[in-house]
Amino acid sequence: MNKVMRLLKTAWKSERKLCLIIIGQNLFESLIPMADIMGIGVVVDALVTGQGRKRVFTVIISYILIHAGISLTRNLFTWLKDIEARKSTNAVQYRYARQSLEVDYPYIRTGGFLTLKRKSMNIMPAFCIGRFGVCLSYILKLCGVLWIFTVIGPLLILYVTALSVPIVFMAFCRKKAEYQYRQDIAAEERKSDYLYKVMTEYAYAKDIRIYGGEKLISDKYIKNAADQVKKRDILGRNNARTQSIADLCGFLQLLGMLIVFSYMVYRKDISIAEYTVLLSSSSLFSKTIACLFESLAEIKEMCAYTDILDEYDAFIADNSKVYSSEKSGKDCGREPASIDFEHVSFRYPGRKEAALEDVSFHISSGEKVSFVGLNGAGKTTIINLLLRLYEPDTGTIKVNGMDIRELSASNYYEYIGIVLQDFYIFAYSVTENLCFDKEIDETRQKTVLAQAGLAERIAGLPRGLQTSLYKNLDAEGVELSEGEGQKLAMARALCKETGLLILDEPTSSLDPLAEYELFSRMRLISEYKTAIMVSHRLSSTRYSDRILVFDGGRLIQSGSHEELMRSEGMYRELYSTQAKYYTGEGGLYEA
Amino acid sequence: MKHKRMSTVSGAFRLLGRYQPSYYVCMIPLILVSSAIPLVGVWMPRMIIEYLTTEREYGDVLLMISLYIVVLSAANVVKNILTHQADLCVTRFKTRLQLEIGKIAMYAEMREIESAAYKEEILVAGNVTGLTDIMRILQSLISSIVTILGLAYIIVRMNILFFLLVGVTLGIKVVLSVIRYRCDAERRLEEAANNRVGAYLDQLQYYAEGAAKEVRVNNARGWLSGKIGAFRDRMVELQMKSFHQYRLFETLQSVAVAIQNVCILLVLAGYFMTGRLSIADFTMYFSAITLLSSRLSEITDQMLGFSQKLLSCRDFNKVFCMREKTDGAEGKEDERGALKETEEIAVLKIKFENVSFSYPGTSVKVLENVSFELQRGDRAMLVGYNGSGKTTVIKLLCRFYEPDSGKIYVNDTDISTIPRERYYSMIAAVFQDFSVFSFPVGENVSMRASEETETARLWECLKKTELDTLVENLGHRENTPITRLFSETGVEFSGGERQRLGIARAVYKDAGIFVLDEPTASLDIRMEEELYRNFYHMTEGRISLTVSHRLSQASVSNKIFVLDHGAICESGTHEELMSRDGIYAAMFKKQREAYGSRRIENPAGEKKEFR
């Protein structure tokens with residue numbers, strides 16, 4: 001009950017206008033059957049009491065007019081309701097989308113968050129108010145019918161009410177089963193969506209064909225579908241059973257009423273006009289009582305969702321840490337960044353082994369640093385932590401002497417230019433991909449495109465910087481190759497005036513010539529910036545002042561190329577391994 | 001257009017007949033029962049009133065009442081059971097349909113999958129719910145129509161004029177609906193376009209790899225929420241239009257119905273007063289009319305919903321036509337393939353003969369007159385700048401596309417004549433953009449269900465790709481699902497781990513042709529070295545073809561082909577190509593310079609460091 005009050009209170013507070021409209025709508029909605037019932041009573045009465053033709057016709061016409069008036073008013077309210085409800089729902093959905101953009105990165109792609117979000121979206125204010133409104137209309141109808149029933153006396157009302165108990169109970173059972181079903185089926189539905197995506201999308205098509213994965217995937221789908229059908233079957237059986245029991249009780253009510261009413265007519269206690277009124281009221285009564293309790297059950301179900309709503313709010317509040325200090329956060333300045341990692345350890349969720357273990361290092365302002373190491377050594381993890389996509393388990397990360405947790409996130413991101421390992425190019429214009437919603441003049445955009453080696457390609461596009469990329473949203477969009485996409489990501493990183501440039505495998509999709517050109521421009525593009533580069537191509541280290549070598553989540557070596565080559569260790573081993581292919585030192589080729 | 005709509009319905013029914021014939025067994029009685037219940041509700045009370053007004057015994061009245069209740073109860077119980085069965089059929093049908101579409105997509109030719117038309121079609125086909133909704137709406141539509149006909153019969157029996165009257169209102173309704181439908185058509189197109197935007201935005205927020213990161217680290221949250229806001233505003237704007245229209249028509253219709261009711265009631269009252277109608281009949285007609293008008297207003301909504309759904313499903317059949325096409329192709333291939341059944345599977349030779357190719361719908365020749373030959377044991381490498389056609393060669397070899405001219409032979413057999421499954425059993429490929437599935441690790445490697453995966457072989461492959469220690473340390477070892485999409489115990493693989501997984505998959509397959517597209521792009525040095533070291537072993541007795549920007553690959557290749565603007569401009573061994581001093585030599589020197597220049601910069605004597 002508390003929850004109901006809470007729901008009502010929040011609904012009333014946030015959507016007062018909608019509440020009033022829905023009250024109006026349901027008031028008139030409940031008047032319609034009353035008008036029908038009274039209408040037939042009055043008309044029959046006028047007929048059987050042998051009143052004049054004129055009188056009968058007046059009664060009929062006024063009945064229809066009243067009825068039409070009520071319907072039209074109801075229509076008007078419904079119209080207003082549709083508009084208001086739509087607006088309200090839209091606002092809520094928009095809020096959800098914005099919140100998802102603030103949730104900390106580790107959570108956004110997890111099933112847990114997505115399910116929670118989907119579930120909590122089941123209970124939008126407009127929807128709640130709508131349900132309360134429907135409930136209200138049933139209550140009003142019921143009141144009307146009971147008022148008519150006062151003619152017949154309390155015993156019948158008692159009988160009818162008693163038989164309503166099982167109906168109510170069944171309605172509750174049904175709603176509970178449906179709620180449970182929706183909870184249970186969510187996982188299967190998500191799975192079948194995913195499998196369908198795998199079956200139909202281009203991205204998976206090649207591997208499925210070459211490796212004959214058709215059977216694996218369709219078998220998985222079939223198994224999942226069987227689970228879905230099984231759960232649906234259980235629900236359906238349950239529904240058919242409870243519905244039938246409720247129907248039978250409803251008809252027993254009707255039976256009782258019919259017997260009593262007919263007996264009263266037989267005894268000439270009531271007129272035939274009254275009889276018709278009672279008859280229609282009784283069928284309205286049994287229909288309404290079932291609907292009322294169904295709607296009460298729905299409200300109860302809604303209450304169950306309030307917990308989910310709380311859970312969602314709590315989740316959002318707890319896990320939007322990155323953006324929580326947005327206003328109070330410190331400014332990181334515009335100088336080339338100095339970076340300190342102090343005893344940082346980190347483990348990815350779901351992994352046993354640590355990704356980073358007690359990593360400490362210092363990068364001075366304006367320094368160009370390369371991260372070197374094998375796969376899984378922790379290079380990208382450091383970048384992820386530095387970008388605040390994940391939070392270290394222990395230790396602190398400082399930029400310009402300030403703990404990055406104390407910085408204002410958007411200010412901080414404005415300060416960093418990044419090429420991600422899994423960079424993403426959006427299906428919007430080139431300009432939007434470079435600057436998003438920031439105003440950056442075209443000359444600068446063209447300069448950075450040139451620096452990334454993409455100027456010619458973009459200049460050759462039909463609408464230049466305004467050309468849409470890919471065909472997702474614009475049929476005239478231009479497809480970019482992986483390599484061109486990576487170049488565009490590079491231009492994006494350079495477009496902002498930043499103090500820190502982070503490049504994670506920036507040349508993985510480039511051909512040797514493009515890679516060479518990019519590396520030779522490295523010094524120029526990272527001027528007045530601190531730069532961090534992760535690359536498997538050790539040739540890139542020649543553009544760095546210092547190299548940090550990682551292995552198994554630990555920092556094992558640090559120094560300039562020359563220093564590291566002079567001492568025994570991983571760097572020298574790796575460098576020689578790679579260089580031998582090209583320099584002939586490995587004895588493979590004499591070029 | 002009309003014809004098309006009908007064909008959607010008949011197509012849906014055909015599919016239903018094919019996959020869920022039992023639906024019809026439920027549907028027909030269900031329609032009969034659910035349309036009969038309201039008719040009983042109109043007719044039985046009349047009988048009761050008649051018994052009451054004609055001074056019958058109270059026992060007769062009781063009998064009538066009991067009969068009424070029994071009939072109603074039985075009908076409702078039957079209806080409930082049938083509804084459940086029909087619903088179950090629809091659920092089965094829905095999943096089955098999705099599966100069939102998925103299969104169509106999986107067995108369709110790659111070039112079809114890659115076409116823009118396919119993306120549209122599959123989007124339409126993905127709307128399976130739309131099709132099942134059509135079935136559901138149709139079901140209630142038919143029962144409403146049957147009820148209406150029943151009511152119309154009752155009313156018309158009284159007076160043929162009523163028939164005209166009801167006909168006129170119905171006509172007005174139909175006309176209004178048609179007008180509304182027409183007005184709606186354009187809006188719906190706009191809505192569909194807007195919904196595509198919505199789907200893409202959703203993708204960006206939650207599903208697209210990398211997008212969520214980019215949005216955060218580039219401070220593009222404002223930008224993206226602006227896009228989302230614009231999409232939502234547009235959606236509301238479009239819906240508002242339809243609300244206004246809808247209510248206007250609704251109002252016009254209720255006015256028409258009110259006029260109809262006045263007329264009918266007046267006539268009925270007149271009849272009663274002239275003694276041509278008993279009071280029992282009068283009440284029956286009255287409730288029949290009320291029911292009729294409420295049914296009529298329901299039916300317009302149903303019809304509207306129905307035609308909207310139809311519109312959204314109109315291309316559904318196209319996808320199934322595609323199916324018939326692929327079916328046919330498969331059949332033909334089987335015949336041709338049967339002739340070669342006795343042939344050895346071992347791949348001895350691959351030959352490209354004057355292969356030219358341009359992507360469908362474009363005029364640019366991606367490949368021109370490409371010819372080369374590879375023998376068993378060859379380790380070939382394809383080199384070239386971005387966009388020179390390397391990946392296309394692989395796509396053609398994988399038979400994703402067919403050459404415009406020229407032929408590709410495996411063991412002197414034109415590959416287009418080999419049945420698909422048979423051909424693919426000969427080939428293992430690691431693509432640049434290979435996919436990792438949200439399935440267990442083991443299944444990702446074997447591409448077979450866990451039970452069918454050979455564990456020993458699996459671990460051997462994991463070992464070869466140095467994934468073994470990683471997988472051993474996972475909670476459920478090889479049965480640990482990748483990604484946390486379905487299980488909280490799932491594991492996320494890094495770029496390099498994913499790439500090794502891709503290679504492990506190819507090794508597990510143990511096929512005659514081994515294709516690698518940029519296999520070392522996200523591998524580290526040691527892993528790359530390891531791959532090269534294992535390369536001989538992995539490709540022993542096979543033909544391998546590698547596309548790579550890393551010319552270090554040349555150390556394990558005995559044939560190098562250089563592609564430039566779609567043509568092979570150089571070929572030979574590393575030494576031959578270096579001495580030719582062409583594109584290959586230029587590229588190699590560039591990469592060497594990156595390493596070599598150190599020696600120039602640094603004092604002499606550091607050379608020994610490379611040992």
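Here is the naming used below: chain letters follow the sequence lines, and residue numbers restart at 1 for every chain. On a predicted model such as this, the values are computed, not experimentally measured, just so you know.
Between Glu492(B) and Tyr348(A), the side chains place no donor N or O within less than 3.5 Å of an acceptor N or O (distance only, hydrogens not considered). For the 3.5 Å distance criterion, the side chains of Ser244(A) and Asn80(B) qualify, holding a donor opposite an acceptor. Side chains of Glu414(A) and Asn219(B): a donor on one and an acceptor on the other come within 3.5 Å. Under the 3.5 Å distance criterion, with hydrogens and angles disregarded, no donor-acceptor pair is assigned to the side chains of Tyr107(B) and Arg209(A).
Nearest heavy-atom pair across Gln205(B) and Ser100(A) is OE1-CB, 3.9 Å.
Here Tyr58(B) is the residue among Tyr58(B), Tyr424(B), Phe439(B) with the most heavy-atom pairs under 4.5 Å with chain A. Looking only at heavy-atom pairs under 4.5 Å with chain A, the residue among Glu250(B), Glu452(B), Met240(B), Met235(B) that has the most is Met240(B).
Proximity to chain A (any heavy atom under 4.5 Å) is shown, for Leu72(B), by both the backbone and the side chain. The contact between Phe426(A) and chain B is made by backbone and side chain atoms together, counting heavy-atom distances below 4.5 Å. Contacts between Phe272(B) and chain A at a heavy-atom distance below 4.5 Å involve the side chain alone, from C-beta outward. For a residue to count as touching a neighbouring chain, one of its non-hydrogen atoms must lie under 4.5 Å from one of that chain's; by this rule Val217(B) touches chain A with backbone and side chain alike. Interface residue Leu99(B): backbone and side-chain heavy atoms are both found under 4.5 Å from chain A. With a 4.5 angstrom heavy-atom cutoff, Phe437(B) touches chain A via backbone and side-chain atoms both. Residue Leu265(B) touches chain A through both its backbone and its side chain, counting heavy-atom pairs closer than 4.5 Å. Looking at Phe434(B), the atoms closer than 4.5 Å to chain A (heavy atoms on both sides) sit in the backbone and in the side chain alike. Using a 4.5 Å cut-off between heavy atoms, Val77(B) touches chain A through backbone and side chain atoms alike.
No donor-acceptor distance shorter than 3.5 angstrom exists from the side chain of Arg505(B) to the backbone of Asp207(A), with no hydrogens or angles considered. With hydrogens and angles disregarded, a donor-acceptor distance shorter than 3.5 Å links the side chain of Lys509(B) to the backbone of Ile210(A). Under the 3.5 Å distance criterion, the side-chain polar atoms of Asp82(A) are left unmatched by any main-chain donor or acceptor of Phe243(B). In this structure, the side chain of Tyr94(A) engages the main chain of Ser225(B) through a donor-acceptor pair within 3.5 Å. Between the side chain of Tyr200(B) and the main chain of Ala427(A), a donor-acceptor pair closer than 3.5 Å is present. Tyr424(A) places no side-chain N or O within donor-acceptor distance of the main-chain N or O of Ala212(B), the cut-off being under 3.5 Å.
Between Gln243(A) and His84(B), the closest side-chain pair of non-hydrogen atoms is not below 4.5 Å. Looking at Asn218(B) and Tyr413(A), their side chains never come closer than 4.5 Å, going by heavy atoms from C-beta outward.
Classification of Lys227(B) and Glu432(A) as a salt-bridged pair holds, one side-chain N sitting under 4.0 Å from a carboxylate O. Look at Arg216(B) and Glu102(A) and you find no salt bridge, because none of the NZ, NE, NH1 or NH2 atoms lies under 4.0 Å from a carboxylate O.
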